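See structure below.
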Amino acid sequence: MTPSHDNTAEHPVRVGMIGAGWPGERHADGYLAAPGCRIVAVADSHPERGEIFAARYGKPREGMPIAVYKDYHELLADKSIDAVSVALPNFLHRPATVAALDAGKHVLCEKPPALNAAEAREMTDAARRSGKLLAFALQRRFSPAVEAVHEAVVAGELGEVYHARAVWARTWGVPSGVGAWFTDPARAGGGALIDIGVHVLDMGWYLMGCPAPATVSGQVFNKFPHETKTDDSAFALVRFADGRSLHLETSWVLAQAEEEFAVHLYGTRGGARVSDNRLDFYTVAAAERTSRGRVISAGWQQAFLKQSANFIAAVRGETELRTPGEHGAQVMAMIDGIYRSAREGREVVLDAR
Ligand SMILES: NC(=O)c1ccc[n+]([C@@H]2O[C@H](COP(=O)([O-])OP(=O)(O)OC[C@H]3O[C@@H](n4cnc5c(N)ncnc54)[C@H](O)[C@@H]3O)[C@@H](O)[C@H]2O)c1
């Protein structure tokens, strides 16, 4: 998709924020730091959040105020806005993103891409139709540790990465507001799998080079029925068309000593383990095993900053999107496959599109 932005210093990308909560603020931190863009409007249905956001991120004295709307359709009617971030609850990702693309805006939409793969495909279809960019906030692709492993994989340092093990398992971490949308399947699309499993599934898949998923065998559990109506754990094996595989373990609540967050890569020349703030490389040569580890001090904030910068640079035609809509649709297809496999009690074949 070719962005048509007038790529000059006098014409910064004019950004509208849809959703002024925590994730919206993280996108905004990135827009403030990125060259070539300006936040010009915010829409939030909450009576005060838009105003608070505008006071925090606007610079009215320097002639850069932020217009505040309650209804995001009013923001989308502003023809001077080039791009929007959609940082709304899951069930609003598809309607807000499709409306924004149809209004001619480029979109950076929060994770999970949508409630299911069919919705995600509607979003990528809308991007194709409009000729505008669609990116998903799978921001861990931008974390310095993931970037370093990605570089090593691309350079062939691990050889053929034939299997990944992707784990995000909390001891207790059901999202706050239990009984609200996060734990309502109709508005969240799922539970732990769609909420946090999506991050490590995407990390592992991305680090393997985004191979075409072929089949999925999965099991999901809801062992805390008084708290949630959705899965609180999910376990799955994804087989790729090229014969490689990925194992996913994710949970909001598991009886174990401590929270685990890591993606392990197993290659013919070496392996890697990557988490938010640490990465380790392992080399297996004959009977000898060596490892080199590195603590990455730049934290998760760095990933959000780089994500917004990548989106703006892509809108300006200066680079490619690192988290394109099509990748989000494929991740949703794998997640759908895990839920379907669990429902049907068998391995399922994935739709290749
Ligand atoms: N990438 C990440 O690491 C990360 C972290 C947290 C949340 N998220 C994702 O961000 C999204 C939002 O999460 P959240 O709801 O917890 O954030 P939040 O509650 O902090 O922010 C959401 C905002 O949307 C507003 N809103 C709700 N309905 C609206 C509507 N119809 N029109 C305009 N504004 C509306 C709310 O008032 C709120 O201010 C979710 O999809 C979640 O999965 C991603």
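Not measured: the values here are computed from a predicted model. We count ligands from 1, going down the list as the structure has it; atoms in each ligand are counted the same way.
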of all protein heavy atoms, closest to atom 9 (C) of ligand 1 is Lys111 O, 3.5 Å
Smallest heavy-atom separation, Val198 atom then Val331 atom, equals CG2-CG1, 3.8 Å
Residue, atom and distance of the protein heavy atom nearest atom 31 (N) of ligand 1 read Leu92 CD1, 3.6 Å
Can we say Asp102 and Arg129 salt-bridge, meaning some charged N sits less than 4.0 Å from an Asp/Glu carboxylate O? yes
So the atoms of ligand 1 within less than 4.0 Å of a heavy atom of Leu88 turn out to be 11 (C), 12 (C), 24 (O), 26 (N), 29 (C), 33 (C), 34 (N), 35 (C), 40 (C), 41 (O)
For Pro112, the ligand 1 atoms with a heavy-atom partner under 4.0 Å come out as 43 (O)
Exercise for the section: Determine whether more than 12 heavy atoms belonging to other residues, nucleotides or ligands lie under 6.0 Å from atom CZ of Arg244. Expected result: yes
The single option from Thr215, Leu246, Leu350 that satisfies side-chain contact (heavy atoms from CB on, under 4.5 Å) with Phe240 is Leu246
shortest atom 20 (O) of ligand 1-to-protein heavy-atom contact is with Trp22 N, 2.9 Å
In this structure, OG of Ser85 is separated from NE2 of His106 (nearest 0.5 Å) by 13.0 Å
>> If I apply the N/O under 3.5 Å rule, does Asp44 come out as touching ligand 1?
In response: yes
Notebook entry, point to check: Between Arg269 and Glu160, is there a side-chain N and carboxylate O pair less than 4.0 Å apart?
Noted result: no
Look only at interatomic distance and state if Glu110 has a nitrogen or oxygen under 3.5 Å from any nitrogen or oxygen of ligand 1. yes
Looking only at protein heavy atoms, what sits closest to atom 33 (C) of ligand 1 is Ser45 N, 3.3 Å
So for Phe304 against ligand 1, with non-hydrogen atoms under 4.0 Å, the contacting part is side chain
If you scan protein heavy atoms around atom 14 (P) of ligand 1, the nearest is Trp181 CZ2, 3.9 Å
Among non-hydrogen protein atoms, atom 22 (C) of ligand 1 lies closest to Ala87 O, 3.5 Å
Atom 41 (O) of ligand 1 sits nearest the protein heavy atom Asn90 OD1, 2.6 Å
The answer for which part of Asp71 has a heavy atom under 4.0 Å from ligand 1 is neither
Notebook entry, point to check: With the threshold set at 4.0 Å, does a side-chain nitrogen-carboxylate oxygen contact exist between Asp82 and Lys105?
Noted result: no
Once the angle between the rings of Trp168 and His199 is folded into 0 to 90°, is it parallel (under 30°), tilted (30 to 60°) or perpendicular (over 60°)?
tilted
The atoms of ligand 1 lying under 4.0 Å from a heavy atom of Gln139, numbered in the order shown, are 1 (N), 2 (C), 3 (O)
When you compare ligand 1 with Asp195, is there at least one nitrogen or oxygen pair between them that comes in under 3.5 angstrom? no
Nearest non-hydrogen protein atom to atom 16 (O) of ligand 1, with distance, is Phe182 CE1, 3.3 Å
N/O to N/O below 3.5 Å, does that happen between Ala43 and ligand 1?
no
Please determine whether a side-chain nitrogen of the Lys or Arg among Glu147 and Arg322 lies less than 4.0 Å from a carboxylate oxygen of the Asp or Glu. yes
Nearest non-hydrogen contact to atom 38 (C) of ligand 1 from the set His46, His27, Arg49, Arg140 belongs to Arg49
Is there a path of hydrophobic side-chain contacts, each under 4.5 Å between heavy atoms, that joins Ile196 and Phe235?
no
Note: ligand 1 atoms sitting under 4.0 Å from heavy atoms of His93 are 41 (O)
Tested for side chain to side chain donor-acceptor pair (under 3.5 Å) against Glu110, the lone hit among His27, Gln139, Arg26 is His27
Cut-off 3.5 Å, side chains only: do Tyr339 and Asn116 have a donor facing an acceptor?
no
Min over Ala180, Pro23, Gly50, Gly21 of heavy-atom distance to atom 17 (O) of ligand 1 lands on Pro23
Original post:
If you measure from each heavy atom of His199 to ligand 1, is any distance below 4.0 Å?
Top reply: yes
Check your understanding: Does Gly24 have a heavy atom less than 4.0 Å from any atom of ligand 1?
Key -> no
Practice item. Report the relative orientation of the aromatic rings in Tyr206 and His150; use parallel for angles under 30°, tilted for 30 to 60°, perpendicular for over 60°. Key: parallel
